[in-house]
Amino acid sequence: MHSVQMVQEGSTLLRRMEISVAEAEKRTGKNTVNMQEIFTVYLIETRSIDAITEGHNPAPDSLWRRYSEFEILRNYLLVTYPFIVVPPLPEKRAEFVWHKLSADNMDPDFVERRRVGLENFLLRVASHSVLSNDKILYHFLTEEHRWKEVVYETGFQAKADSRIKALSATFRVKNPDKRFTEMKHYSDELQSLTSQLLRVRARVADRLYGVYKVHGNYGRVFSEWSALEKEMGDGLQSAGHHMDAYAASVDDILEEEEHYADQLKEYLFYAEALRAVCRKHELTQYELETASSDLISKKQQREELATGMVRTFSFKGMTNKLFGQETPEQREAKLSLLEEQIVQGEETVTEKTVECEPHAENNSLIKYVI
């Protein structure tokens, strides 16, 4: 039943299933080193669209997930679909916070904003034409206990580790794809400007909070002053209440601003995701160029061995002149080894060429997911 649902062509999961992250709950338990910890879990509810359209209103299926499990899902999608900008997760810990805002990841307001962000993540993935039809995503939404076994069986973790090491390496592509170069520059600029905007916003919020709260001090002064004045007492008391109300109003203002800051952070995280795709394409292109260059070199060595003519100056040519030519048996053994290396090289070039193609062909998917 499940496998049939997952292979419908031209259909996204969101067209077949209602998905929501309904609530968050604080729990305690033991971690991997057997120590007590406090963590938050999120209730995922799903319901078949077919059942609703047929007039039924079944209770949704539900399961609980930790934030770390959402991270596992996204890491799997990043490794499996390197040519797609995978929607970002909300922040694990509050960033770009102003002084009076709690940076505690257990803060109720922060947990609620993260719940909304996790729901948006699932809805975006489930509405993507490629990502939504991955069976691991379906297991994540429907199998509470066995889904981790299924995802780790794919071997994505080893690929993820090698991907991180490779992407952190320094390399230069000889013939970069102009489209990806432009997208990388765009993502770098967007990331830089958004970060600056969020930092400035945090500083402004701090100052604004201070200005408003100063009026709270004025309110207390006016209230105390009103007790000493008979003729102006009522006016001073009224002014004190006004100052108190004005000072308290900043909390609602900055709380509303926090929602706009969350949206800016989404742009920041999307810029990071877009840059990762461009960086992965650069790495694949670099590996293709390296493999192609190595293949050309091997073919040239084969030709030189077969004809006995060295076209360019080489250490091999010098040793032949100094120590004499190789025996026919030695040349045959080297030719045989070169043939094997050339076959392997051709396979590598074909493999890397195929890897490069999805990036170029699915360039439209990058625009779509954003």
Using the ring pair (Phe, Tyr, Trp, His ring centres under 6.0 Å) criterion, which residues pair with F121? Sequence neighbours excluded. none
Is V211 isolated, or which residues cluster with it under the ILVMFWY side-chain rule of less than 4.5 Å, directly or via members? none
Tell me whether R65 forms a cation-pi arrangement with F140, defined as NZ or CZ under 6.0 Å from the six-membered ring centre and within 45 degrees of its axis. yes
Report yes or no: do D244 and Y218 form a side-chain donor-acceptor pair below 3.5 Å? no
Is atom CD1 of I38 surrounded by more than 12 heavy atoms (other residues, nucleotides or ligands) closer than 6.0 Å? no
Test item: side-chain donor near acceptor, Q196 and S192, under 3.5 Å: yes
Using the six-membered ring of W64, assess whether NZ or CZ of R27 lies under 6.0 Å from its centre and within 45 degrees of the ring axis. yes
So, D109 and R113, do they make that salt bridge, N to O below 4.0 Å? no
Any side-chain donor-acceptor pair under 3.5 Å between S11 and R16? yes
Test item: Y212 and I253 side chains (from C-beta on) under 4.5 Å apart, heavy atoms: yes
Polar side chain donor-acceptor pair, Y138 to N133, under 3.5 angstrom: no
Would you kindly check if the NZ (Lys) or CZ (Arg) of R66 is within the cone defined by 45 degrees around the ring axis of Y42 and under 6.0 Å from the six-membered ring centre? no
Would you please say whether a donor-acceptor pair under 3.5 Å links the side chains of W225 and Q237? no
Would you say R220 and M243 make side-chain contact, with heavy atoms under 4.5 Å? no
